[in-house]
Amino acid sequence: MTAEAGRRVRVSDDEAGALNAVERKQLDIVRRFGTVGALLLTVGSLGAGAAPVFNPVIRLPVFNLFIRMTTVSLAIGFTGVFMIVVAWLALGRLSRPGRERVVSVPQMARTLVMWITPLVFTVPSFSRDVYSYLAQSEIVARGMDPYTLGPAQALGVDHPLTQGVPTIWRETPSPYGPLFLTLGKAINWLTGDHVVHGVALHRLLALIGLAMIVWSLPRLAKRFGVSPVSALWLGAANPLVLFHLVVGVHNEALAIGLMLVGFELALTRMAKVTPDGPFPPWQRGELAWYAIGGAVITLGAAVKIPAALALGFLGVMIARRMGGKWKHLFQVAGGLGVVFLVVLTACSFGSGLGYGWVSTLNTASTIKSWLAPMTALGFGAGGLGIIMGLGNHTDAAITVARLFGAIIGPLIAAKLLLDSFRWKLRPLTGLGVALGAVLVFGAAVHAWYLLWAALPLAAAAGNTRFRTAAMVISAGLAVVVAPTGGTFDGHIFVLPYAYLAAAITTLAAVAVVWRHLPWPPARRVTTGTP
């Protein structure tokens, strides 16, 4: 990059002006459009969400009408989804790196608050996992082992918490780490068998995780030369975050939040170095911050194990700061390994659960979903065998394909670690791609798994090509997953009607505000992003 280009990037990222009067009005319209979408999604969730078996909405006058109108409720929910996605895309125009004037970080934060506030009151949607959290936590609260017993065996099939768990998970042990189940046990002590109160406190945990993400993303973005506002837009304001972490109440919010906060804390005192040096001596408190950051990342792994991969890329950064030699890498690996084992052992045995969770990490593999590329490959190979008259060997084909994925995912992660160590790749970029590879080549893939890759990359990959690709993928996945969290029990025909009604309604809403949205390109745009 030339000096002139470098100067233009700094102007773009650090000296971009505040929005003018016209752009502030556009931002207001975008905010309100997204907020209306959030309100519609909240209303639609009353009848189309993944409601508990004993749904308290049934006893509420007027509101219980939505339960009786599934297609209408689903159409309202989809309209909310579409409107939020449209508002997010429009907000991306105002936060695009290279603009002469961009949304400020406080403006982005206020927009997030406006969109999230209605979603806090939704019925859990897009997934029923939160009911599994409650049942598995109750097992822990009763002093039993959630890593050997499923809800049906431990609590009984008639227990109100068991009845909320999807049938396929009622007899499977918990795949979650000891820290998360310990927090869940505390929630169950407070709420007992009250599902609504339990969901509310689990959503509070998810919001705490989201707050960590919002805190860490702009700080990490600054360290890696990416626009903080763009990182918040692509990361925290991403519809997948809103739908699956806030509305869906997934514990990925807490795990990813701890991972990103730990990464940022570890870099607090790290000196900036280049491949050719100089490599200054340790700064005061530097080692302590590395240990603190590593400990926080390990806490994330004690919620969901993929967070542990961040320790490898953090270790690469520390080794590069020391001089970038192999001996430095082994020294750092040893030090962070000690931190990891101490903190994880404290969480495991301090919770009274031990290391039983290690044997249940593959619980999700019991699901055979086409969303997982390796599983889809196995289905395809099995179907081809049937067509060719070789018999039905689908299960064997899936097993072989998953084994291949279990090898290639870690190999890609190892290659990215090596490239990061050789200064060919930003470590945080390597972390995002590595998490994506490990999870995509895993036995099960869900829409919210993308966030393990998208959130680190939002803070580390600032080029326009990545931003566009991530935007398209996020928007696409956001609109294809129905908010019910179920299979429609044979009523799949309601989906086309709901989609069509929502599309027509959203188009009408967009037509009303079209001239106030920031679709036209900016008059003057600087070139390049880091």
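- Aromatic ring centres of Phe180 and Tyr133 lie closer together than 6.0 Å.
- Here the side chain of Arg426 pairs a donor or acceptor atom with the backbone of Phe224 at under 3.5 angstrom.
- Annotation: cation-pi geometry not satisfied between Arg269 and Trp282 (NZ/CZ under 6.0 angstrom from ring centroid, within 45° of ring axis).
- Under the 6.0 Å distance and 45° angle rule, Arg467 counts as a cation-pi partner of Trp233.
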Using atom types as modelled, flag every donor-acceptor pair under 3.5 Å from a side chain in residues 30-48 to any protein atom, sequence neighbours excluded.
residue, atom, partner, partner atom, Å
Arg31, NE, Thr111, OG1, 2.8
Arg31, NH2, Gln107, O, 2.9
Thr35, OG1, Arg31, O, 2.8
Thr42, OG1, Ala38, O, 2.8
Thr42, OG1, Pro118, O, 2.9
Ser45, OG, Thr42, O, 2.6
Ser45, OG, Val123, N, 3.1

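- The shortest distance between side-chain heavy atoms of Gln26 and Ile29 does not fall below 4.5 Å.
- Of the possible polar contacts, one joining the Ser174 side chain to the Tyr176 backbone as a donor-acceptor pair under 3.5 Å is found.
- At a threshold of 4.5 Å between non-hydrogen side-chain atoms, the residues Leu495 and Phe78 count as touching.
- Taking 4.5 Å as the limit, some side-chain heavy atom of Thr191 sits within range of a side-chain heavy atom of Leu201.
- Sorted by first and then second residue, the salt bridge (Lys or Arg N to Asp or Glu O under 4.0 Å) pairs involving residues 241-263 (not counting sequence neighbours) are Glu252-Lys304.
- Side-chain contact between Leu91 and Met108 is present, with at least one heavy-atom pair separated by less than 4.5 Å.
- Contact check on Asp419 versus Lys415 returns a salt bridge, with a Lys/Arg side-chain nitrogen under 4.0 Å from an Asp/Glu carboxylate oxygen.
- Without hydrogens or angle criteria, Tyr131 side chain to Ala50 main chain gives a donor-acceptor distance under 3.5 Å.
- Between the Arg321 side chain and the Met270 main chain, no donor and acceptor come within less than 3.5 Å of each other.
- Classification of the His446-Tyr449 ring pair by plane angle, with boundaries at 30° and 60°, yields perpendicular.
- Remark: the Arg320 side chain and the Ser420 side chain contain no N/O donor-acceptor pair separated by less than 3.5 Å.
- Side-chain contact check for Val81 versus Pro483: every heavy-atom pair is 4.5 Å or farther apart.
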